[in-house]
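Okay, structure first, notes after.
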Amino acid sequence: MVSLFWEQRDNLKEKWVIAAKKADFNGIGKRFGIDPVVARIMRNRGLTEPEEMERYLHGDREDLYDPHLLKDVDLAAQIVLQKIREGKKIRIIGDYDIDGIQSTYILLKGLERLGAEADFVIPDRIQDGYGLNEHLVTRACEEGADTILTCDNGISAMEQIALAKELGMTVVVTDHHEVPFEETSGGRRQIHSVADAVVNPKQEDCPYPFKGLCGAAVAFKFLQVLYEQAGIPVSEADVFLENVGFATVGDVMDLQDENRILVRIGLKLLQHTENIGMRALILQNNLEAKQLKSYHIGFILGPCLNASGRLETARLSLQLLLCENPAQAAVIAREVVELNASRKLMTAHAVEQAKELIEREHYGRDRVLVIFLPDCHESLAGIVAGRIREAYYRPVFVVTRAEDGAKGSGRSIEGYSMYEEMCRCRELFLKFGGHPMAAGFSIKEQNIDLLRQRLNELSALTEEQLQPKLVIDVPMPVDYLYPELIRQLDLLEPFGKGNGKPVFADRNLSICSLRLLGREGRVVRMQLKSPQGKVMDAVYFGEAGALKDVIREKYGEAAAEDVISGRCSRQVALNFSYYPEIDTYYQEPRIQLKITGFC
């Protein structure tokens, strides 16, 4: 349930609405020793029962679910342990993204601890594509591997696993992706491979209570059982919780239920990590390990590990994690950071190309954007689609020219199931897959314009659905803020998908002073005054031009120039969304508003 805070008729501007879920916030606050504001935010996150709230606030290692609940996990451990005892060669096949890299690391180090003869292969994004393929299977067989152990892939590799079995190999799958299905007269039926064991909580007959684990978490749970069967203290596997937490954030999993606990524990371990490569990566990004939060994984460290898999080979990132020489780790860390910088530049260039194409071809009138960027690196299509979605608030498909035709990635908005819409014109694709919010596909180049036409003809998106919404957790006057409340907000960490940073808002805050700082004036420092007269420091990281535009719309050009130039001699008041922080720059820490929006 929501109520309206502010509405702008231009559908490229956000509609601000207030989350209005009901509960006894004072009672919840008294029970848990928290401010009612924090209680309200928890309720907005869908928590209703006291047990859920207790786990949300204070869940720890003992609250993790029993790994034995995973279907086939005991069988998988028995198979692998027997192979180790027999001296058989085990090949781990991972994936080229953050989750695949961390999963491969966990299994490789865990098998080494057990004395296994094990190695790994991470597919090349361009040459191999995602997960298992026939080439990787035959290569493993030719190189003497007896067993293939997958991580973060394998659940849909029916033909490839069948080939491995024909070649006399054993296959154990650990994965977290959706299980393929077929439509039958009795409804959907999951399709299973002939693997010897499959560990994936999304199997319909798997009793594991939480289905949202990432691949690294599944690999970790499997390793726990493997250690137990081998007589090794299960607690030894806890060293890999930092990798699990990193992968959970990096793979953009919902930070709910068990994931929230895994990330909380993982962050604590990362803040004191003993991994030489990870320490080098943190240092290379000018970060302090003890201050790491989920933000740093999602937007700084994680993209560095991803960059090698996008532009070169993900083996580089895995080598970094495996590195035991600080000098060598520093060299590799510098290389992946530089690759990420290159990826950023390439992405920015592709985004500009996409925007120019949209304006030139008048695609902005389309409800679904299909953009052909033949020269864009195919690994960047999904990132570019996400950026264009943010700018235009439309479902976006970005198509690039690849070695074997055209490939694309899509990113969607709420209310538009990308996968289902693609199913309605499946004859246009050579191959496709995905879920409601994202998809990938290959297509003949001559079908791209037809795809644009068909998707827009089929689209039932309304004008209201094409207007972005900012959901405000608490419409809270800045006068109410006090240090202890801000400290209590830390209890809501880690923030990320499924547990977003709370959004606060207040109306009619006057701009008393303004300074533009940083390169190109992208840091705006202000002092804001509430209608009750309280003055607060505030900072906005973004385009000063956007702030100027809003002031111009409400008060005219002269007022906008006056405020942006720093004179602030006119009465200018806006509505602001914000997040409160404690600024420790001054001798006496003071409350500061981090501005996230204005209207």
Side-chain angles (χ1 to χ4, degrees), residues 55-64 98-99 101-103 105-106 109-110 213-214 216-217 219-220 223-224 235-306 317-318 320-324 326 329-330 332-334 336-337 340 486-502 579 581-585 589 594:
R55 198 161 183 263
Y56 178 91
L57 291 170
H58 306 297
D60 209 339
R61 179 69 181 75
E62 62 274 10
D63 296 298
L64 297 177
I98 295 171
D99 195 16
I101 291 165
Q102 297 285 10
S103 303
Y105 175 83
I106 290 169
K109 297 298 289 185
L213 297 175
C214 70
F220 168 74
L223 193 63
Q224 285 183 303
S235 59
E236 281 195 27
D238 286 359
V239 68
F240 299 114
L241 282 168
E242 70 177 61
N243 306 93
V244 174
F246 194 110
T248 301
V249 175
D251 210 37
V252 200
M253 307 304 295
D254 286 333
L255 299 190
Q256 299 169 347
D257 203 308
E258 188 173 37
N259 278 348
R260 179 174 167 77
I261 301 172
L262 289 168
V263 173
R264 179 186 284 140
I265 297 171
L267 281 169
K268 288 179 182 176
L269 292 172
L270 277 167
Q271 289 166 359
H272 303 90
T273 182
E274 295 297 320
N275 185 284
I276 292 170
M278 184 58 69
R279 281 171 21 200
L281 183 61
I282 292 167
L283 186 62
Q284 193 66 38
N285 280 284
N286 300 312
L287 299 174
E288 290 187 44
K290 63 182 179 181
Q291 296 179 343
L292 288 182
K293 292 190 175 183
S294 55
Y295 168 83
H296 301 107
I297 297 173
F299 294 96
I300 301 175
L301 300 176
C304 291
L305 293 189
N306 255 345
S317 292
L318 189 53
L320 177 62
L321 295 180
L322 294 169
C323 190
E324 297 183 357
I332 301 174
R334 188 178 307 115
V336 297
V337 169
N340 191 45
I486 298 172
R487 282 189 284 270
Q488 286 183 21
L489 294 177
D490 288 342
L491 293 170
L492 306 175
E493 296 254 20
F495 298 130
K497 183 173 180 284
N499 187 53
K501 205 168 190 177
Y579 187 84
E581 300 175 330
I582 301 292
D583 186 355
T584 58
Y585 177 79
K594 186 174 181 180

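Keep in mind it's a predicted model, so treat the numbers as computed, not measured.
- Two residues are said to be in side-chain contact when any heavy atoms from C-beta on lie closer than 4.5 Å; L287 and Q291 fail this criterion.
- Residues K109 and L321 form no side-chain contact, since every pair of their non-hydrogen atoms from C-beta on lies 4.5 Å or further apart.
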Does the side-chain contact (heavy atoms from CB on, under 4.5 Å) test come out yes or no for V249 and L267, once each step is laid out?
CA-CA 10 Å; V249 175; L267 281 169; over 6 Å; no

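- We find the CD1-OH distance between I261 and Y56 to be 12.0 Å, quoted to the nearest 0.5 Å.
- A329 and I276 get closest at one heavy-atom pair: CB-CG2, 3.8 Å.
- Closest approach of D99 and A216 over heavy atoms only: OD1-N, 2.8 Å.
- Atom CZ of residue R334 and atom CD1 of residue I332 lie 11.0 Å apart, to the nearest 0.5 angstrom.
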Assess the residue pair I98 and D251 against the criterion (side-chain contact (heavy atoms from CB on, under 4.5 Å)); give the C-alpha distance rounded to whole Å, side-chain angles, the decisive distance to 0.1 Å, and a yes or no.
CA-CA 7 Å; I98 295 171; D251 210 37; 5.9 Å; no

Does L301 form a side-chain contact (heavy atoms from CB on, under 4.5 Å) with F246? I'd like the steps, not just the answer.
CA-CA 9 Å; L301 300 176; F246 194 110; 3.8 Å; yes

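- The side-chain tip of K501 points at the ring of Y579 from less than 6.0 angstrom away and within 45° of straight on.
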Is there a side-chain contact (heavy atoms from CB on, under 4.5 Å) between D254 and N499 once you walk through the steps?
CA-CA 7 Å; D254 286 333; N499 187 53; over 6 Å; no

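- Nearest heavy-atom pair, H58 versus L491, reported as atom, atom and distance to 0.1 Å: CE1-CD2, 4.5 Å.
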